[in-house]
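All remarks here apply to the structure that follows.
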Amino acid sequence: MNDLYALVTGSSSGIGLEIANCLAQKGYNLVLTARRENKLKELTNELITNYKVKVDYISCDLSDPKSPNKIFDFCESKGYFIDLLVNNAGYAIPSTFDSTSMEDEEKFIRVLGISVIALSKIFIPKMIKNKHGKIMIVSSVAAFAPPSSIQTLYGPIKTFMNRFNDALNINYNSKGITSTALCPGYTVTNFHNASGVQNEMDSVPEFLKKSASRIAEEGVEGMLKGKKVVVPTKTWKIVVFLIKIVPRFVFDFLSGVLAPGRYEELKN
Ligand SMILES: NC(=O)c1ccc[n+]([C@@H]2O[C@H](COP(=O)([O-])OP(=O)(O)OC[C@H]3O[C@@H](n4cnc5c(N)ncnc54)[C@H](OP(=O)(O)O)[C@@H]3O)[C@@H](O)[C@H]2O)c1
């Protein structure tokens, strides 16, 4: 396993950091990437010490169109063969749709969508050559739900990513490549704080809040088994099942109770 590398985007905190830990524990060498170089350096040293695997990092902003190629060139120049590609980096925009600039929407779509497509496009040819490769797209339960009234494009881009995940499987399973959409529900990370909705999300009942390490473990296990979609934890599997079968008015009522503010019409 020594020459195999896993690339994890958004590994400076939260789910990405835990996925990196989980993979290192299983003996995978790692390339970490995110914007905060100090966090990447810290994690790199920790993983090398704890798990005796090879770890390197490249700091870059995935809202920059040049970043996916920069990451690929970095891996090529160092001779790292990416056998596992984990597309995890993400955030949500804290302002309403009408008050968010088009530039910020484009950056958002680039980080959560276009960079995922670009990285897959760049790394897949070598996986095809090697007849093996695994991709993970960290999506969300939001991919299955109606779009919420806050963070307008978040749900739609995650739904798009799930469809892209399906397309990767249809096109590349026969070539030894599988893609896994990891769809967590509420996970305790820096995400809600960074996205400006921590106050609203504080009222979500405790039984719905799951740890990033649990999400990472279920996600990595599913990816290594080649599962197409992983909804971690029984609780959120039930939620997704209900989202798919209950009428919209019941969904609106329940989400009003469990996550107030998310599905209500905007008030002037
Ligand atoms: N937390 C939840 O409840 C939840 C639920 C469902 C799905 N998710 C998804 O899980 C993924 C990880 O989120 P998280 O909960 O772990 O949040 P988090 O703790 O805030 O981590 C987000 C990661 O993405 C990186 N990132 C953000 N913007 C970036 C950019 N422009 N360029 C490069 N990297 C960037 C951050 O690193 P830097 O700031 O250092 O760049 C960080 O490492 C996201 O895709 C999110 O949509 C989260």
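Just so you know, these numbers come straight off a predicted model, no measurement behind them. Index from 1, following the sequence. Numbering of ligands and ligand atoms starts at 1, following listing order. Because only heavy atoms are used, hydrogens play no part in the values below, and waters and symmetry mates are left out as well, while side chains stay in.
- Near Val111, the atoms of ligand 1 lying under 4.0 angstrom from a non-hydrogen atom of the residue are 31 (N).
- Residue contacts with ligand 1, taken as heavy atom pairs separated by less than 4.0 Å, involve Ser139 solely via the backbone atoms N, CA, C and O.
- Between Leu112 and ligand 1, no N or O atom pair is found at a separation short of 3.5 Å.
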What's the verdict on side-chain contact (heavy atoms from CB on, under 4.5 Å) for Lys107 and Leu62, showing C-alpha distance, side-chain angles and the deciding distance?
CA-CA 8 Å; Lys107 281 186 177 173; Leu62 285 171; over 6 Å; no
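- The main-chain N or O of Phe207 is found under 3.5 Å from a side-chain atom of Lys210 such that the two form a donor-acceptor pair.
- With a 4.0 Å heavy-atom cut-off, ligand 1 is reached by the side chain of Lys158 but not by its N, CA, C or O.
- Not a single heavy atom of Ser67 lies less than 4.0 angstrom from ligand 1.
- Counting the atoms of ligand 1 from 1 in the order shown, those under 4.0 Å from a heavy atom of Asp61 are 30 (C), 31 (N), 32 (N).
- Salt-bridge check for Glu106 with Arg110: failed, with every basic side-chain N at 4.0 Å or more from each acidic carboxylate O.
- Under 4.0 Å is where a charged nitrogen must lie from a carboxylate oxygen, and between Asp83 and Lys134 no such pair does.
- Side chains of Ser13 and Asn190: a donor-acceptor N/O pair is absent below 3.5 angstrom, by distance only.
- The pair Lys70-Asp73 does not count as a salt bridge, with every side-chain nitrogen at least 4.0 angstrom from each carboxylate oxygen.
- Within the set Ala143, Ser13, Ala20, the minimum heavy-atom distance to atom 18 (P) of ligand 1 is found for Ser13.
- Between Glu218 and Arg214 there is a salt bridge, since a side-chain N of the basic residue sits under 4.0 Å from a carboxylate O of the acidic one.
- Contact between Cys60 and ligand 1 is present, with at least one heavy atom of the residue lying under 4.0 Å from the ligand.
- Residue His192 places a heavy atom less than 4.0 Å from ligand 1.
- Near Tyr186, the atoms of ligand 1 lying under 4.0 angstrom from a non-hydrogen atom of the residue are 3 (O).
- Taking distance alone, with nitrogen or oxygen atoms compared against 3.5 Å, Ser140 stays at or beyond that limit from ligand 1.
- If you check the side chains of Ser95 and Thr100, you find a donor sitting under 3.5 Å from an acceptor.
- If you check which protein heavy atom lies closest to atom 5 (C) of ligand 1, you get Gly185 O, 3.2 Å.
- Using modelled atom types and a 3.5 Å distance limit, the side chains of Arg36 and Ser12 yield a donor-acceptor pair.
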Walk me through it: do Tyr28 and Tyr5 pass the test ring-ring contact (aromatic ring centres under 6.0 Å, His included)?
CA-CA 6 Å; Tyr28 282 91; Tyr5 276 77; 9.8 Å; no
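- Criterion: ILVMFWY side-chain heavy atoms under 4.5 Å apart, direct or through other members. Under it, Ile243 and Ile245 are part of a common hydrophobic cluster.
- Per-residue contacts place Gly14 under 4.0 angstrom from the following atoms of ligand 1 (heavy atoms of the residue considered): 16 (O), 19 (O).
- Considering backbone and side-chain atoms together, Leu62 places an N or O closer than 3.5 Å to an N or O of ligand 1.
- Scanning both residues, Met223 and Leu84, for their nearest heavy atoms gives CE-CD2, 3.5 Å.
- Regarding atom 15 (O) of ligand 1, its nearest protein heavy-atom neighbour is Thr189 OG1, 2.6 Å.
- Atom numbering of ligand 1 starts at 1 in the shown order; those under 4.0 Å from a heavy atom of Val138 are 9 (C), 10 (O), 11 (C), 45 (O).
- Side chains of Ser213 and Ser211: a donor on one and an acceptor on the other come within 3.5 Å.
- For atom 16 (O) of ligand 1, the closest non-hydrogen atom on the protein side is Ile15 N, 2.8 Å.
- In Asn88, the parts holding a heavy atom less than 4.0 Å from any atom of ligand 1 are both the side chain and the backbone.
- Among all protein heavy atoms, the one lying closest to atom 39 (O) of ligand 1 is Arg35 NH2, 3.0 Å.
- Using a 4.0 Å cut-off to heavy atoms of Gly90, the atoms of ligand 1 that qualify are 22 (C), 24 (O), 27 (C), 44 (C), 45 (O).
- Test Val8, Val230, Asn88, Ile19 against Met136 for side-chain contact (heavy atoms from CB on, under 4.5 Å) and you get one pass: Ile19.
- Heavy atoms of Ser11 approach ligand 1 to within less than 4.0 angstrom.
- Among all protein heavy atoms, the one lying closest to atom 34 (N) of ligand 1 is Ala89 CB, 3.7 Å.
- Distance from atom 13 (O) of ligand 1 to its nearest protein heavy atom, with residue and atom name: Phe191 CD1, 4.1 Å.
- At the shortest separation from atom 8 (N) of ligand 1 among protein heavy atoms lies Tyr154 OH, 3.6 Å.
- Applying the 4.0 Å criterion to heavy atoms of Tyr91 picks out, from ligand 1, the atoms 28 (N).
- Here the heavy atom of the protein found nearest to atom 25 (C) of ligand 1 is Gly10 CA, 3.6 Å.
- Ring-plane geometry between Phe108 and Tyr154 is classed as tilted, the angle between the planes lying from 30 to 60 degrees on a 0 to 90 degree scale.
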